Asks: 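Take this structure first; my questions come after.
Lettering follows sequence order; numbering is per chain, from 1. Quantities reported herein were computed from a predicted structural model and do not represent experimental measurements. Side chains are part of it too, since the values below use all heavy atoms of this structure and drop only hydrogens, waters and symmetry mates.
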2 protein chains.
Amino acid sequence: MEKSDETIFVDCPIAGVQKIVRGKWNMVILYFLHQQTLRFGELSRKLPTVTQAQLTKDLRLLEGYGLINRKVYPQVPPKVEYSLTAMGDQFMPVLRALEQFADVYEVKQA
Amino acid sequence: MEKSDETIFVDCPIAGVQKIVRGKWNMVILYFLHQQTLRFGELSRKLPTVTQAQLTKDLRLLEGYGLINRKVYPQVPPKVEYSLTAMGDQFMPVLRALEQFADVYEVKQA
DNA sequence: CGGAATCCCGGCGGATACTG
DNA sequence: CAGTATCCGCCGGGATTCCG
């Protein structure tokens, strides 16, 4: 077999899921989409420091992972809505846990 | 102030904590250290695909974040033990949530 | 034994410009 | 409006070598 890039692969159940969490904006995107379905532009405005190019890439990735839905309305001007899939919803406990942690602990800079 | 590199900084509570989760091995390290205190070599053996250099870096990072303790025994040969801090323990719910998620969903490759 | 110091490479992720 | 295409800097992270 060719490298096959098995992300991590150790005796740790978390290893396989890690890629979801590694992208710089993935979790933030999931966080916002859980609150409500959003159009591309709306989401973009909530993430002022992300370029559209990057946002598009990340959305495609998350879509590929099966976490979000991409619904295109064939009209002019275009309209695309993003929302969480059932799988995406099931990821929320992770974000909630993260949120609670963030609530209590301030992570030091270095 | 100079750039100050405010990692993410959006209206999302998760943003600040994200750095913990981004390092390729950080979560796995936390996972193993939660099970038990480990010496460097022991931890290293549990992560066969990580080089010591990288492992050292990651451990130092997590220590800097306040998540793990580094206890040095001044002796020859050297002995260093790593364990979770109280803060590190509080991070476990996140890993548990992640674990549960991983249990149900297989993340697609792309 | 547990590092520190270097070197190096791929790819994440940002900027900019263009399109249906 | 919601993208694509392209270019590129930067750094995460692997390999290797040396040190107390």
Side-chain angles (χ1 to χ4, degrees), chain A residues 2-10 15 18-29 33 37-65 68-83 109-110, chain B residues 2-10 15 18-29 33 37-65 68-83 109-110:
Chain A
E2 347 70 59
K3 287 189 45 202
S4 89
D5 177 33
E6 62 292 45
T7 44
I8 283 197
F9 198 83
V10 277
Q18 212 228 16
K19 57 160 97 66
I20 296 177
V21 124
R22 293 199 64 194
K24 186 169 181 180
W25 304 102
N26 294 5
M27 292 199 304
V28 184
I29 292 171
L33 286 186
T37 295
L38 287 173
R39 299 185 54 177
F40 183 87
E42 295 170 335
L43 190 53
S44 183
R45 252 164 274 128
K46 285 179 178 292
L47 302 162
T49 63
V50 197
T51 61
Q52 280 123 339
Q54 191 57 43
L55 184 53
T56 300
K57 284 186 200 170
D58 292 345
L59 287 169
R60 287 299 205 282
L61 253 187
L62 293 174
E63 188 191 2
Y65 293 160
I68 65 176
N69 279 316
R70 180 167 176 272
K71 184 172 188 177
V72 182
Y73 295 83
Q75 64 183 41
V76 178
K79 174 180 174 181
V80 181
E81 283 185 347
Y82 292 93
S83 58
Q109 280 305 342
Chain B
E2 346 70 59
K3 286 190 46 203
S4 91
D5 179 33
E6 61 297 42
T7 45
I8 284 197
F9 197 82
V10 277
Q18 212 228 15
K19 56 160 98 65
I20 296 176
V21 124
R22 293 199 63 192
K24 186 171 182 180
W25 303 101
N26 294 5
M27 293 199 302
V28 184
I29 292 172
L33 287 186
T37 295
L38 288 173
R39 297 185 54 176
F40 183 86
E42 295 171 334
L43 190 53
S44 184
R45 253 165 273 127
K46 286 180 177 289
L47 300 162
T49 62
V50 198
T51 61
Q52 281 119 339
Q54 192 58 42
L55 184 53
T56 300
K57 284 186 202 171
D58 292 345
L59 286 169
R60 285 301 205 284
L61 252 187
L62 293 174
E63 188 191 2
Y65 294 160
I68 66 176
N69 279 316
R70 179 167 177 272
K71 184 172 188 176
V72 182
Y73 295 83
Q75 64 183 40
V76 179
K79 174 180 175 183
V80 181
E81 283 185 347
Y82 292 93
S83 57
Q109 280 306 341

Asks: Taking 4.0 Å as the cut-off, does a side-chain nitrogen or oxygen of B:Arg39 come that near to OP1 or OP2 on C:dG2?
Replies: yes
Asks: By side chain to side chain contact (heavy atoms under 4.5 Å, CB included), which residues pair with B:Val72, not counting sequence neighbours?
Replies: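 B:Val72: side chain to side chain contact (heavy atoms under 4.5 Å, CB included) contacts with B:Arg70, B:Val80.
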Asks: Rounded to the nearest Å, what distance is computed from the CD atom of residue A:Gln52 to the P atom of nucleotide C:dA17?
Replies: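 Those two atoms, CD and P, are 13 Å apart.
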Asks: Within this structure, what is the CZ-to-P distance between A:Arg60 and D:dT4, rounded to whole angstrom?
Replies: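 Between P of D:dT4 and CZ of A:Arg60: 4 Å.
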Asks: I need a per-nucleotide contact map over nucleotides 9-14 of chain C, read 5' to 3'. Cutoff is protein heavy atoms under 4.0 Å; write B for the base, S for backbone only, - otherwise.
Replies: ---SBB
Asks: Have a look at B:Ile29 and tell me which of B:Leu43, B:Leu61, B:Leu38 forms a side-chain contact (heavy atoms from CB on, under 4.5 Å) with it.
Replies: B:Leu43
Asks: Rounded to whole angstroms, how far apart are CD on B:Glu81 and P on C:dG2?
Replies: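 To the nearest whole Å, that distance equals 10 Å.
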Asks: About how many Å separate NZ of A:Lys24 and CG of A:Leu47, when rounded to the nearest 0.5 Å?
Replies: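 A:Leu47 CG to A:Lys24 NZ: 11.5 Å, rounded to 0.5 Å.
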Asks: Can you name the side chain to side chain donor-acceptor pair (under 3.5 Å) partners of A:Glu42, sequence neighbours left out?
Replies: none
Asks: Which pair of heavy atoms, one from A:Ile68 and one from A:Tyr82, lies closest together, and at what distance?
Replies: CD1-CD2, 4.1 Å
Asks: Taking side chain to side chain donor-acceptor pair (under 3.5 Å) as the definition, give me every residue that meets it alongside B:Arg22, ordered by chain and number, with sequence neighbours left out.
Replies: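 Applying side chain to side chain donor-acceptor pair (under 3.5 Å) to B:Arg22 gives none.
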Asks: Show me, pair by pair, the donor-acceptor contacts under 3.5 angstrom made by side chains of residues 50-57 of chain B, not counting sequence neighbours?
Replies:
unit_1: B:Thr51; atom_1: OG1; unit_2: B:Gln54; atom_2: N; d: 3.3
unit_1: B:Gln54; atom_1: NE2; unit_2: B:Asp58; atom_2: OD1; d: 3.2
unit_1: B:Thr56; atom_1: OG1; unit_2: B:Gln52; atom_2: O; d: 2.8

Asks: Heavy atoms only, 4.0 Å cut-off, all strands: where does B:Tyr82 land among base, sugar-phosphate and nothing?
Replies: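 It contacts sugar-phosphate atoms only.
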Asks: Can a donor-acceptor pair be found, under 3.5 Å and without considering hydrogens, that links the side chain of A:Asn26 to the backbone of A:Ile20?
Replies: yes
Asks: For the helix from C:dC1-D:dG20 to C:dG20-D:dC1, what angle lies between the axis at the first five pairs and the axis at the last five pairs, to 10 degrees?
Replies: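 One end axis against the other gives 50°.
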Asks: C:dG3 phosphate, OP1 or OP2: any side-chain N/O from B:Arg70 under 4.0 angstrom?
Replies: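 Answer is yes, contact under 4.0 Å.
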Asks: D:dG3 P sits how many Å from A:Leu38 CG, rounded?
Replies: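 Roughly 13 Å, once rounded to whole Å.
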Asks: Round to the nearest Å and state the distance from A:Lys79 atom NZ to D:dA2 atom P.
Replies: 9 Å
Asks: Calculate the interatomic distance between B:Leu55 atom CG and C:dA5 atom P; express it in whole Å.
Replies: 17 Å
Asks: Using whole Å, report how far CZ of B:Phe40 lies from P of D:dC19.
Replies: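 About 18 Å, once rounded to whole Å.
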Asks: Can you tell me the distance, in whole Å, between the CG atom of B:Leu43 and the C1' atom of C:dG2?
Replies: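 Between C1' of C:dG2 and CG of B:Leu43: 12 Å.
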Asks: I want to confirm an ordering. Mapping A:Thr56 and A:Pro77 to their closest nucleotides on DNA chain D, which one lands closer to the 5' end?
Replies: A:Pro77
Asks: Can you see which heavy atom on A:Gln18 is nearest to which on B:Val21, and at what distance?
Replies: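 Heavy-atom minimum between the residues: NE2-O, 4.0 Å.
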